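Here is the structure we will look at.
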Amino acid sequence: MVSAQFPSLAGQSVLVTGGASGIGAALTTAFAEQGARVAFLDIDAAAGAALADQLSARKLKAHFAHCDLTDVPALRHSIDAAAAACGPFKVLVNNAARDDRGTLETLEPESWRRAMAVNLDHYAFAAQAVRPGMARQGGGSIINLSSNNVLMGAANMAAYVTAKAGIVGLTRALARELGPEMIRVNAVMPGWVMTERQLALWAKPDDVAQALREQCLPLTMQPQDICGLVLFLASDDARAITKQVFVADAGRS
Ligand SMILES: NC(=O)c1ccc[n+]([C@@H]2O[C@H](COP(=O)([O-])OP(=O)(O)OC[C@H]3O[C@@H](n4cnc5c(N)ncnc54)[C@H](O)[C@@H]3O)[C@@H](O)[C@H]2O)c1
């Protein structure tokens, strides 16, 4: 739980993509705990329904919709339906991703395009979908989850890292384009955060120990470690902050 309260988030309509598990679930929960009306989209229907039940048992406001964000017409439909249920969005957190691995030799045109579709394209189309509603409300905040792998140049995941670098370009371009409508756009680069997926697939003890040695701070990052920064960027307390990239990686990169 984030200890700070951001009064400007109470009652606001917030959209989190990939909000059913990992950092996205922590963010969905953190916004709901601030009193926001949170909609979250995810391809994992079971995890989404479970989180929605958990939040509603705590009397927190959350609306889950199943959506494959790589299907742009479905994304547009889901965002419009979620805005109809929760009110036009004031905050968008673009978070959904899939950190598939593979060496340069294993790349194929189809897998490359899939990596861009699941890690980059929907960030732009979600921003496009929420923009008119934000503009009508006099502004909003878009927070794009990138990765410190862009700074570290992580090996064996070139497509993912390229998409995550593209998110930085998208952030800067949209900040300039949407600034006149008082829509702020920032990016956050997490370090290695121990989500369910990381623990199941990639967090081998030797690699975790190596990461701790490379960080300035010898701590194991948890999804909650990303939440305070994102809440702040979403809130009116950050009203003059846009076009920036924030790294939360315990000083690893
Ligand atoms: N965990 C880390 O160590 C780490 C490090 C750097 C950056 N990040 C970034 O932080 C963000 C969250 O990462 P995470 O580790 O929580 O990821 P995760 O894999 O744990 O969760 C991602 C969520 O996105 C959903 N999703 C995936 N594909 C989807 C699709 N096509 N349509 C709809 N939903 C889809 C998944 O079902 C899942 O709920 C991502 O943008 C990731 O790149 C994570």
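The model shown is predicted, which means the values in this text are computed figures rather than measured ones. All heavy atoms count here, side chains included; hydrogens, waters and symmetry mates do not. We count ligands from 1, going down the list as the structure has it; atoms in each ligand are counted the same way.
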Exercise. Can a donor-acceptor pair be found between the side chains of Q128 and R131 at a distance below 3.5 Å?
Worked result: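 Note: Q128 and R131 side chains miss the donor-acceptor criterion.
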Exercise. Just checking, any donor-acceptor pair under 3.5 angstrom between side chains of N144 and T171?
Worked result: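 Their side chains do contain a donor-acceptor pair, which is all the 3.5 Å distance test asks for.
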Exercise. Measuring from each atom of ligand 1, which residues have a heavy atom under 4.0 Å away?
Worked result: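 Lining ligand 1 at under 4.0 Å, by heavy atoms, one finds G18, S21, G22, I23, D42, I43, D44, C67, D68, L69, T70, N95, A96, A97, V118, Y123, L145, S146, S147, Y160, K164, P190, G191, W192, V193, T195, R197, Q198.
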For this session: Check whether L174 and I183 end up in the same hydrophobic cluster, where Ile, Leu, Val, Met, Phe, Trp and Tyr are linked by side-chain heavy atoms less than 4.5 Å apart.
Result: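 Linked within one cluster.
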For this session: Answer with yes or no whether the hydrophobic clustering places L212 together with L151; edges join I, L, V, M, F, W, Y residues whose side-chain heavy atoms lie under 4.5 Å apart.
Result: no
Exercise. Can you tell which of T29, T28, V14 makes a side chain to side chain contact (heavy atoms under 4.5 Å, CB included) with F40?
Worked result: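 So the option named by the test is T28.
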Exercise. For V168, what residues pass the side-chain contact (heavy atoms from CB on, under 4.5 Å) criterion, not counting sequence neighbours?
Worked result: S146, R172, M189, V245
